[in-house]
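Let me begin by presenting the structure, written as structure tokens, before commenting on it.
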Amino acid sequence: MPRVRHATPLTAVLLGALAAVSCAPAPAPQPSKPAAARPDPRPSAEPLLADVLHRIDEEGSVRSSVRGDLGFVGELAGDGAVRYTADRADVALHGTTKPAAAQPPQPVELAVVDGVGYLKSPLLQPEPGKPWLRLAADGTDFAAKLLSPALRQVQDAADPRATFAGVAGATRIQSSAPEQVDGTPTTRYSLRVLTAQGAASAPDEQQRTRLRKAADAGRTEIGYELWLDDRGLPARFAATEQVAQAGQVSLTSTYRDWGAPVDIAPPLADQVGSFPDGPLPGAQPPR
């Protein structure tokens, strides 16, 4: 009779383990971890902008020149003044607009006081003897809906605080380089506001809405150019925006005489008229 060899205790344990492994179901595949977001290598503009906005508040006023394109309103060139308060900027400007290449420049005056805009142009004659048109930001009449967005853009171009307040932490410095502005040495900063992050932190409702719409449309950041002098005050500010009703608005403000006294007041009440309900002459209705 052949001799049967009995497995040693250690061999039995190993055979049992192998059997268990061969009978056990294969482990389910684990989902791969999402790739970690790459950190943005660009420096934050928050310390820079915090200092700039503080210096603007300290000075309180400035004289400026504004040049650019107000969309359907036309090319704008003007000189004016800005008075800064805690929560807004009052603006007065006089110059010219050129709605079409074939038209000669037309004189224009505008003022934004306590959040209400006023516009005076021979192309807009609301009532006989009342050359000024009142444009409240929350107005429901046709003129306010059509022209207030462009007027607000002029105000924002005069006040970098309106662009960066509350979103400084969502702003990156794309690049910086020395550059002269009207013979004055400055540093030019190319700044980028991250739209999704800015929409989450912006304190102003209109600002949040604008940034959220840009983010939802796939526009991850919005660019601005800011020139600072050796005191850390703006020498120039440039922005291009897609503005409701007005189209693409591109404005550049150049600053001088920081802290100089300025006189900004709304026009006299008996000089302010209004249009009857309905489209302005030659204007396209807002959408």
Side-chain angles (χ1 to χ4, degrees), residues 61-66 68-99 103 105-159 161-163 204-207 209-210 239 241-247 249 251 253 262-287:
S61 60
V62 71
R63 295 188 174 96
S64 68
S65 300
V66 180
D69 189 345
L70 280 178
F72 86 87
V73 179
E75 297 177 3
L76 172 69
D79 294 297
V82 189
R83 181 177 59 224
Y84 300 97
T85 62
D87 58 350
R88 68 176 187 276
D90 294 336
V91 178
L93 183 141
H94 59 88
T96 61
T97 58
K98 191 175 181 181
Q103 292 182 326
Q106 300 290 325
V108 66
E109 293 183 56
L110 65 87
V112 182
V113 183
D114 293 334
V116 178
Y118 302 89
L119 184 64
K120 178 183 177 182
S121 167
L123 300 177
L124 300 170
Q125 292 288 343
E127 296 178 47
K130 295 183 176 183
W132 285 90
L133 181 64
R134 184 181 186 274
L135 301 167
D138 58 353
T140 58
D141 59 283
F142 188 91
K145 289 181 179 180
L146 188 66
L147 298 173
S148 286
L151 202 63
R152 171 167 177 143
Q153 191 65 17
V154 174
Q155 183 183 22
D156 289 353
D159 184 12
R161 303 176 313 168
T163 298
D204 179 74
E205 182 178 354
Q206 291 188 20
Q207 187 183 25
T209 300
R210 177 174 57 85
E241 294 286 350
Q242 193 68 28
V243 177
Q245 321 306 346
V249 172
L251 293 174
S253 291
V262 298
D263 183 20
I264 299 174
L268 298 175
D270 62 4
Q271 294 290 302
V272 180
S274 60
F275 282 107
D277 291 339
L280 304 182
Q284 295 297 319
R287 297 176 181 177

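Taking the side-chain contact (heavy atoms from CB on, under 4.5 Å) definition, one finds that Leu93 meets it with Val66, Leu76, Leu110, sequence neighbours left out. Under the rule for a salt bridge (charged side-chain N to carboxylate O under 4.0 Å, His left out), the partners of Arg161 that lie at least two apart in sequence or sit in another chain are Asp57, Asp159. Partners of Arg63 according to the salt bridge (charged side-chain N to carboxylate O under 4.0 Å, His left out) rule, which considers only residues two or more places apart in sequence or in another chain, are Asp257. Looking at residues two or more places apart in sequence or on another chain, you find a side chain to side chain donor-acceptor pair (under 3.5 Å) between Ser65 and Asp79, Arg256. For Asp204, the salt bridge (charged side-chain N to carboxylate O under 4.0 Å, His left out) test picks out Arg152, with sequence neighbours left out.
By the 6.0 Å contact criterion, CG on Asp263 is open, its count of non-hydrogen atoms from other residues, nucleotides or ligands being 12 or less.
Using modelled atom types, one side-chain atom of Gln207 and one backbone atom of Thr163 make a donor-acceptor pair closer than 3.5 Å. At distances below 3.5 Å, not a single donor-acceptor pair connects side-chain atoms of Thr97 with backbone N or O atoms of Gly74.
In terms of heavy-atom proximity, Lys130 sits nearest to Asp270 at CG-O, 3.5 Å. Residues Ala89 and Tyr84 share a closest heavy-atom pair of CB-CD2, 4.0 Å. Counting all heavy atoms, side chain and backbone alike, Ala81 lies closest to Ile264 at O-CD1, 3.6 Å. A pairwise comparison of heavy atoms in Ala111 and Ala265 identifies CB-O, 4.4 Å as the closest pair.
Annotation: side chain of Val82 is not in contact with side chain of Val262 (no heavy-atom distance under 4.5 Å).
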The test is side-chain contact (heavy atoms from CB on, under 4.5 Å); show your working for Leu251 and Val154 and say whether it passes. CA-CA 7 Å; Leu251 293 174; Val154 174; 4.0 Å; yes
Checking side-chain contact (heavy atoms from CB on, under 4.5 Å) for the pair Leu268/Trp132: CA distance, chi angles, key distance, verdict? CA-CA 9 Å; Leu268 298 175; Trp132 285 90; over 6 Å; no
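Within the structure, the salt bridge (Lys or Arg N to Asp or Glu O under 4.0 Å) test picks out the following pairs touching residues 109-121 (sequence neighbours left out): Arg88-Asp114, Glu109-Lys120.
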